[in-house]
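Only a predicted model underlies this, so the values are computations on that prediction, with no experimental measurement involved.
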Amino acid sequence: MMRLVLVLTCVLLAGMPAVADDQREARAALEAGKIRPLAELLARVETDCRGDMLEVELDEDDERWSYEITLVGPHGDVAELEYDASSLALLEAEGRGLAALECVPPGTPD
């Protein structure tokens, strides 16, 4: 079973308006149905992939949202998987030992 290790950065200082704005924007996207909940993606990755999660990021670029997950594979290789945040489809995979993760189909763009 995959051990779930997440590096989550929590900013508790009220003096960080840019972070608060990012959080509000992400919450609004979730409530509007533009992105799927992170918990759904984490459950999928934990079930489908062999490896340990190190970091998860939610990014927005030109109104396109994506989740980026950094994994350490079973042989110690580091990989980054990018998922479409609205459909949870795997968009890209980068790194070594991708086949060992068992969740990256051949031909996935890198």
Side-chain angles (χ1 to χ4, degrees):
M1 175 172 225
M2 175 189 276
R3 184 181 65 219
L4 179 63
V5 180
L6 295 177
V7 176
L8 298 176
T9 304
C10 296
V11 178
L12 301 175
L13 302 173
M16 302 295 290
V19 172
D21 288 345
D22 289 347
Q23 291 172 343
R24 278 192 289 274
E25 189 176 358
R27 173 66 60 192
L30 178 64
E31 291 171 356
K34 293 179 181 179
I35 64 173
R36 304 282 295 275
L38 176 60
E40 288 182 25
L41 178 63
L42 295 178
R44 174 183 284 182
V45 171
E46 186 172 338
T47 300
D48 294 349
C49 296
R50 292 185 61 220
D52 295 325
M53 281 186 248
L54 293 178
E55 182 177 20
V56 179
E57 294 179 28
L58 175 63
D59 291 322
E60 189 267 337
D61 188 28
D62 294 329
E63 297 187 29
R64 180 174 168 233
W65 291 87
S66 64
Y67 286 111
E68 294 178 2
I69 296 184
T70 304
L71 297 173
V72 175
H75 304 295
D77 296 319
V78 176
E80 186 173 287
L81 308 179
E82 182 179 356
Y83 290 86
D84 181 282
S86 65
S87 67
L88 301 184
L90 180 62
L91 300 174
E92 293 182 18
E94 295 180 352
R96 295 177 22 162
L98 294 176
L101 296 176
E102 297 182 1
C103 62
V104 179
T108 300
D110 57 359

If I take atom [atom1] from residue [X] and atom [atom2] from residue [Y], how far apart are they, to the nearest 0.5 angstrom?
X   : Y   : atom1 : atom2 : answer
L54 : L71 : CG    : CG    : 7.5 Å
T70 : D52 : OG1   : CG    : 12.5 Å
E46 : M53 : CD    : CE    : 5.5 Å
R44 : I69 : CZ    : CD1   : 10.0 Å

### Summary
Residue pairs passing the disulfide (SG to SG under 2.5 Å) test with at least one member in residues 66-97, sequence neighbours excluded, are none

### Query
Does anything in residues 71-100 pair up under disulfide (SG to SG under 2.5 Å), and if so which pairs, sequence neighbours excluded?
none

### Query
Which residue pairs pass the side-chain hydrogen bond (donor to acceptor under 3.5 Å, both in side chains) test when at least one of the two sits in residues 28-43, sequence neighbours left out?
R36-E40

### Message
Test of understanding: clusters of I, L, V, M, F, W, Y form through side-chain heavy atoms closer than 4.5 Å, transitively. Do L90 and L42 belong to the same one?
### Response
yes

### Task
Under the side-chain hydrogen bond (donor to acceptor under 3.5 Å, both in side chains) rule, collect the residues that match up with D84, sequence neighbours excluded.
S86, S87

Taking all heavy atoms of [X] and all of [Y], pick out the closest pair and write down the distance.
X   : Y   : value
E25 : E60 : OE2-OE1, 3.8 Å
L38 : Y67 : N-OH, 3.3 Å
Y83 : V45 : OH-CG2, 3.7 Å
L58 : A26 : CD2-CB, 3.7 Å

Using atom types as modelled, flag every donor-acceptor pair under 3.5 Å from a side chain in residues 73-82 to any protein atom, sequence neighbours excluded.
residue : atom : partner : partner atom : Å
E82     : OE2  : S66     : OG           : 3.3

### Message
side-chain contact (heavy atoms from CB on, under 4.5 Å), that's the test. Do D59 and E57 meet it? Break it down for me.
### Response
CA-CA 6 Å; D59 291 322; E57 294 179 28; 3.9 Å; yes

Tabulate below the donor-acceptor pairs under 3.5 Å that side-chain atoms of residues 93-109 make, not counting sequence neighbours, or state none.
residue : atom : partner : partner atom : Å
T108    : OG1  : P105    : O            : 2.6

